[in-house]
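Down below is the structure, laid out as structure tokens.
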Amino acid sequence: MMKKQNYLNRILPLFLVFMQVVLLCSFSTIVAVAADEPIYDVWDGTVDTAWLSDATEAAKTTHTIDTAAKLAGLAKLTNDAAIGGNTGAYADHTFYITKNIDLNDKAWSPIGIEYGKNFAGNIEGKLNDTEGASVTIKNMKIDATTSNKGFIGTHRGGSLKNITFVDAKVTSSTSSVGVAAGYISKVITAYENIVAVNSTVKGSGQVGGLVGDAKTDNVLTFKNCAYIGGSVFSDMAHTGGIIGKLEKINNNFEGCYVSAKISSEFAAVGGIVGLIDASNTTVSFKNCQFDGMAKADAAYACGAFVGSAPVGTVNLENCVSTGLSRSKTLYAWFGLAESGTVINVTNCYSNSNMAISGKVDPTVLDSDKLMGTAAKTNLTGLDFETVWATREGMNPVLAYVKENVLDTYGKADLTWFDPSEDTLSVETENELVGMAMLSQLAVFSDYEITVVDSLRALMTQELFDKTYLDAYNAAVPFNPTTPDGEDETTDTTATTDSEVNTDVNTNESETSASSEEQSGCKSVIGGASAILLIAAGTIGVIIRKKED
């Protein structure tokens with residue numbers, strides 16, 4: 001019955017479109033029945049500096065960037081200017097990016113590549129010259145051995161607005177690393193509407209999903225900023241979903257959302273901020289949510305919002321903490337808050353999966369009270385008319401994230417989930433995303449789920465990262481066994497799919513947890529046990545009911 005219903009759900013929209021075309025044609029009207037795919041200017045590696053070197057253009061304070069080559073030209077001219085100290089190139093200039101750009105996985109040289117070669121201007125997305133319309137920059141790739149790496153390397157003044165980064169890959173063997181910027185300082189006015197989707201960031205200290213390190217002379221605001229999918233990793237401390245380290249500044253986070261793996265081999269790991277490294281400061285979170293995975297190998301300072309905070313004031317208003325953890329100690333809000341830290345809490349909610357810091361007193365809710373429309377009733381004080389949105393069978397989410405990001409880049413299909421069925425099958429990528437989401441809510445305690453062979457072949461590590469299934473499955477005890485319980489004797493190094501084998505081995509710290517770590521982990525999917533299969537050419541996940 002379930003499969004029949006799924007079939008009807010899939011064929012009905014096609015039938016309706018067909019009928020629409022027939023009716024439109026009968027009136028001799030030509031109408032597009034499907035939205036066009038986004039158009040990107042694809043970078044071929046060339047650098048165009050002529051447009052900005054022109055005397056007339058250089059004399060202006062506002063500029064238009066409509067090609068990838070011009071964007072690369074801005075980076076080159078900034079880096080060649082080498083204006084160091086407390087200043088930077090293009091102060092008080094604003095650059096409007098008016099076209100979507102595909103950087104094509106070619107080596108990107110950050111705008112303001114390092115300290116001493118700083119960028120001090122404003123960059124703003126303005127798709128098709130429409131005010132406030134975000135542009136997409138996809139396939140940005142940075143692989144460096146020096147610090148301060150991101151789309152902007154060192155940003156000393158100005159702002160960054162209205163940009164969505166998709167499939168960015170930023171890696172450095174040193175510190176201050178993020179998708180949007182490595183290091184920001186001086187008078188930064190705001191980072192607004194900056195989103196990273198399905199991206200990866202790796203570094204060594206001060207590593208953030210969007211910004212590695214911030215130390216400014218004014219109140220810095222992150223508004224409507226999100227890091228969704230993928231991962232943020234540091235082999236040292238100070239790792240955060242939005243920013244790795246805040247230094248000596250007052251800061252406002254408004255409408256920020258993180259749903260990704262945030263992890264470190266050390267401490268000070270926060271779903272939003274790794275470390276607030278200052279006293280006598282005020283940091284405020286309003287309408288923010290951590291809905292991802294936090295992991296710190298050290299035994300302390302891992303929090304869903306902030307890893308570590310010193311003496312100062314932290315305000316939490318209308319915030320939601322619904323993430324998960326593999327840490328030895330995880331708190332729903334702060335991993336470590338010093339004795340003199342003042343924390344003010346208003347209308348804040350956490351699910352019951354996480355420990356609560358003694359300094360913070362939010363309302364703790366069971367998973368079913370956060371799911372679907374129940375959230376409207378139970379999360380009192382939150383604005384579900386304009387700010388927050390409910391999701392069927394899932395945790396609530398900020399409305400702009402649901403409408404502008406999740407629906408475009410990772411919509412979960414939950415139609416396959418039927419509580420009346422004893423065995424459930426996952427057959428599409430969107431259904432797999434739905435399974436990952438549902439696993440947060442401990443709904444699989446009474447079911448057996450199988451992933452069909454055609455989908456297993458697609459389940460590379462990249463797809464695991466996208467849906468966080470590797471993190472969830474590694475958080476529960478599992479054994480490499482076949483579905484019927486026989487020991488799996490297949491040589492995993494002899495896989496017929498070299499890409500699958502390579503991807504799995506490069507992330508063995510996540511997918512091959514030690515037996516000691518497995519035995520001490522709490523299941524995050526209720527009474528179910530997860531079995532990770534790595535066989536010849538296939539990877540599968542089976543979630544089945546535990547035997548009594």
Side-chain angles (χ1 to χ4, degrees), residues 41 43 46-101 103 108-137 140 148 150-165 178-195 210-211 214-225 249:
D41 184 75
W43 192 29
T46 59
V47 178
D48 180 1
T49 60
W51 67 282
L52 193 53
S53 300
D54 176 78
T56 301
E57 184 69 25
K60 299 177 182 178
T61 56
T62 60
H63 314 272
T64 296
I65 295 176
D66 54 9
T67 69
K70 287 183 178 180
L71 186 63
L74 173 61
K76 178 172 175 53
L77 290 171
T78 299
N79 299 336
D80 287 349
I83 301 175
N86 291 324
T87 59
Y90 302 108
D92 301 320
H93 286 241
T94 298
F95 296 85
Y96 293 105
I97 303 175
T98 60
K99 300 296 182 183
N100 294 322
I101 291 175
L103 292 177
W108 174 250
S109 179
I111 303 170
I113 193 168
E114 61 189 29
Y115 184 77
K117 298 181 178 181
N118 311 314
F119 177 72
N122 308 292
I123 298 178
E124 185 171 335
K126 194 178 181 182
L127 183 62
N128 298 326
D129 288 320
T130 302
E131 194 73 32
S134 290
V135 296
T136 298
I137 297 177
M140 180 181 73
N148 303 350
F151 174 67
I152 301 175
T154 56
H155 197 182
R156 296 183 71 83
S159 63
L160 188 68
K161 299 180 180 180
N162 305 332
I163 300 176
T164 296
F165 297 93
V179 169
Y183 178 72
I184 60 179
S185 63
K186 285 302 283 184
V187 183
I188 298 289
T189 57
Y191 270 44
E192 185 173 334
N193 299 329
I194 304 300
V195 177
L210 297 185
V211 176
K215 182 179 180 181
T216 73
D217 295 340
N218 62 313
V219 177
L220 172 62
T221 298
F222 286 89
K223 184 176 182 180
N224 293 353
C225 291
I249 60 172

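- Asp48 places no side-chain N or O within donor-acceptor distance of the main-chain N or O of Ala72, the cut-off being under 3.5 Å.
- Here Lys161 contributes atom NZ and Thr189 contributes atom OG1; the two are 5.5 Å apart, rounded to the nearest 0.5 Å.
- Aromatic ring centres of Tyr183 and Tyr115: separated by at least 6.0 Å.
- With hydrogens and angles ignored, the 3.5 Å screen pairs a side-chain donor or acceptor of Trp108 with a backbone N or O of Phe151.
- Checked against side-chain hydrogen bond (donor to acceptor under 3.5 Å, both in side chains), Ser53 has no partners two or more places apart in sequence or in another chain.
- Distance check: Thr78 OG1 to Ile113 CD1 gives 11.0 Å after rounding to the nearest 0.5 Å.
- Side-chain atoms of Asp54 come within 3.5 Å of backbone atoms of Thr56 as a donor-acceptor pair (strictly under, hydrogens ignored).
- Smallest separation of non-hydrogen atoms from Leu103 and Ala68: CD2-CB, 4.5 Å.
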Note to self: For a side chain to side chain contact (heavy atoms under 4.5 Å, CB included) check, start with the C-alpha distance between Ile123 and Ile111, then their side-chain angles and the critical distance, and finish with the verdict.
What the structure shows: CA-CA 11 Å; Ile123 298 178; Ile111 303 170; 3.8 Å; yes
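- Looking at Ile97 and Ile137, their side chains come closer than 4.5 Å, going by heavy atoms from C-beta outward.
- Using a distance-only test at 3.5 Å, with no hydrogens or angles considered, a donor-acceptor pair links the side chain of His93 to the main chain of Lys60.
- Taking the side chain as every heavy atom from C-beta outward, Leu77 and Tyr90 approach each other to under 4.5 Å.
- With contacts defined as side-chain heavy-atom distances shorter than 4.5 Å, the pair Ile194/Val211 does not qualify.
- The backbone N or O of Thr94 lies less than 3.5 Å from no partner atom in the side chain of Thr62, so there is not a single donor-acceptor pair.
- Listed for the Asn122 side chain is a donor-acceptor partner under 3.5 Å among the backbone atoms of Ser159.
- For the pair Asn162 (side chain) and Lys126 (backbone), a donor-acceptor distance under 3.5 Å is absent.
- A pairwise comparison of heavy atoms in Ser134 and Thr164 identifies CB-OG1, 4.4 Å as the closest pair.
- The side-chain hydrogen bond (donor to acceptor under 3.5 Å, both in side chains) check on Thr98 picks up nothing, with sequence neighbours excluded.
- For Asn118 (side chain) and His155 (main-chain N/O), no donor-acceptor pair under 3.5 Å exists by modelled atom type.
- Ring-plane geometry between His63 and Phe95 is classed as parallel, the angle between the planes falling under 30 degrees on a 0 to 90 degree scale with a further cut at 60.
- Looking at Val135 and Ile101, their side chains never come closer than 4.5 Å, going by heavy atoms from C-beta outward.
- Contact between Thr87 and Arg156 at its shortest, heavy atoms only, is O-CD, 3.8 Å.
- One distance of note links CG of Leu210 with CZ of Phe222; it measures 7.0 Å at 0.5 Å rounding.
- Between Lys117 and Asn79, the closest heavy-atom pair is CD-O, 3.4 Å.
- For the pair Ser109 and Ala75, the tightest heavy-atom approach, listed with the atom from each and the gap, is O-CB, 3.4 Å.
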Check: Step by step, would you call Asn224 with Val195 a side chain to side chain contact (heavy atoms under 4.5 Å, CB included)?
Finding: CA-CA 8 Å; Asn224 293 353; Val195 177; over 6 Å; no
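- With contacts defined as side-chain heavy-atom distances shorter than 4.5 Å, the pair Asp80/Thr49 does not qualify.
- For the pair Asn218 and Lys186, the tightest heavy-atom approach, listed with the atom from each and the gap, is OD1-O, 3.4 Å.
- Taken to the nearest 0.5 Å, the OH atom of Tyr96 stands 6.0 Å off from the CD atom of Glu131.
- Separation of atoms CD1 (Ile65) and CG (Leu52) is listed at 8.0 Å; rounding is to 0.5 Å.
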